[in-house]
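The block underneath contains the structure these notes are about, expressed in structure tokens.
As a basis for the values below, the full set of heavy atoms in this structure was taken, side chains included, without hydrogen atoms, waters or symmetry mates. Here is the naming used below: chain letters follow the sequence lines, and residue numbers restart at 1 for every chain.
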Protein chains: 2
Amino acid sequence: MATSIRHMLKDELQYVVRGTLWIECEQERFFGPGRVELLQRIDETGSIRKAAAGMGMSYKKAWAMVTALNRQVQRPLVVVKVGGEKGGGSIITDEARELITYHSQLRQRFLAFLEKEANDLKESRDLKPK
Amino acid sequence: MATSIRHMLKDELQYVVRGTLWIECEQERFFGPGRVELLQRIDETGSIRKAAAGMGMSYKKAWAMVTALNRQVQRPLVVVKVGGEKGGGSIITDEARELITYHSQLRQRFLAFLEKEANDLKESRDLKPK
DNA sequence: CATCGTTATATTCTTGAGAATATAACGCTA
DNA sequence: TAGCGTTATATTCTCAAGAATATAACGATG
């Protein structure tokens, strides 16, 4: 039988189980919430610069993310065009879209996990033994 | 049917799903891996100072953690003694021990979740739809 | 060939978190 | 009452991550 800690918490305060989740590639960050948002914004705006600005991120950091992402997979997730019409721009590939979908589903499962834990905590139910 | 992203990953690299998890109280950190270790070390050494030093943490930060912890629950988790024999010292309460146990079990469940996700990723199995 | 807005990269500037330091209070012991 | 090692707290110092800034390359377009 698992431990309940409900009795030591303050009734007037709210406790919640939180967490974050990402995919690592060779000990370094590969894909997490920040990169999802960046890819989505590149998709919407067609520009790394606009995407970065839109989420209050420096261009430098966004660029570093893009190069890291492309380095960590077989085929590029972001295709970049320097110069030309409108000065250039960037688009995301179908594989980037797949990755976003995958992450969204993973996140769903994780949120369900967190929600269950927070609920068990609040309800002071006993959890099944490990 | 869930999305598989295995085909876009590099065969020679290793990908793994990672994450971290904590309990929040009123939008601020309440309990996570760092505080577990601090409590355990206080338990072992009988001293906040020694506990902090042992984990390469400044006394100031450790002290902040202790006061925050005690503020966030009904009854103190760390009982502090100023002056006296050996200058004083600190012990953790039974409730602190319960909290550590609870967190350890929570962590077990989380690790199982991560392991399953990493495995599904690697094996390229299709995951059950949300 | 000048213009444009982007990508690409280097360099300087800020700032805030945490380390380091300093100092006092405390209470038992001898 | 002097000494000890701890708790308790304030202040200064350090440093690195990221912001800000600057500048050049790029390539289509008119």
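Counting non-hydrogen atoms under 4.0 angstrom, Lys81(B) reaches the backbone sugars and phosphates but no base.
Atom-to-atom, OH of Tyr59(A) to C1' of dG5(C) comes out at 11 Å; the value is rounded to the nearest Å. Straight-line distance from the NZ atom of Lys86(A) to the C1' atom of dT3(C): 14 Å, rounded to whole Å. The CZ atom of Arg49(B) sits 12 Å away from the C1' atom of dT9(D) (whole-angstrom rounding). If you take NZ of Lys61(A) and C1' of dA19(D), they are 11 Å apart, rounded to a whole angstrom. As a whole-Å value, the separation of Met65(B) CE from dT9(D) C1' is 18 Å. Atom C1' of nucleotide dT9(C) and atom CD1 of Ile48(A) are separated by 13 Å, given to the nearest angstrom. The NZ-P distance, from Lys60(B) to dT9(D), rounds to 12 Å in whole Å.
Contact check for Leu21(B) versus Phe113(A): side-chain heavy atoms found under the 4.5 Å cut-off. Between Asp43(B) and Ile100(B), the closest side-chain pair of non-hydrogen atoms is not below 4.5 Å.
Sequence order on DNA chain D of the closest nucleotides to Ser47(B) and Gly87(A) puts Ser47(B) first from the 5' end.
Using a 3.5 Å distance cut-off with no hydrogens or angles, the side chains of His7(B) and Glu98(A) do pair a donor with an acceptor.
Ring geometry, His103(B) versus Phe31(B): the interplanar angle exceeds 60°, so the pair is classed perpendicular (tilted spans 30 to 60°).
At the phosphate of dT7(C), OP1 or OP2 sits under 4.0 Å from a side-chain N or O atom of Ser90(A).
Taking every side-chain heavy atom of Ser58(B) into account, dA19(C) is the closest of dT6(D), dT7(C), dA19(C).
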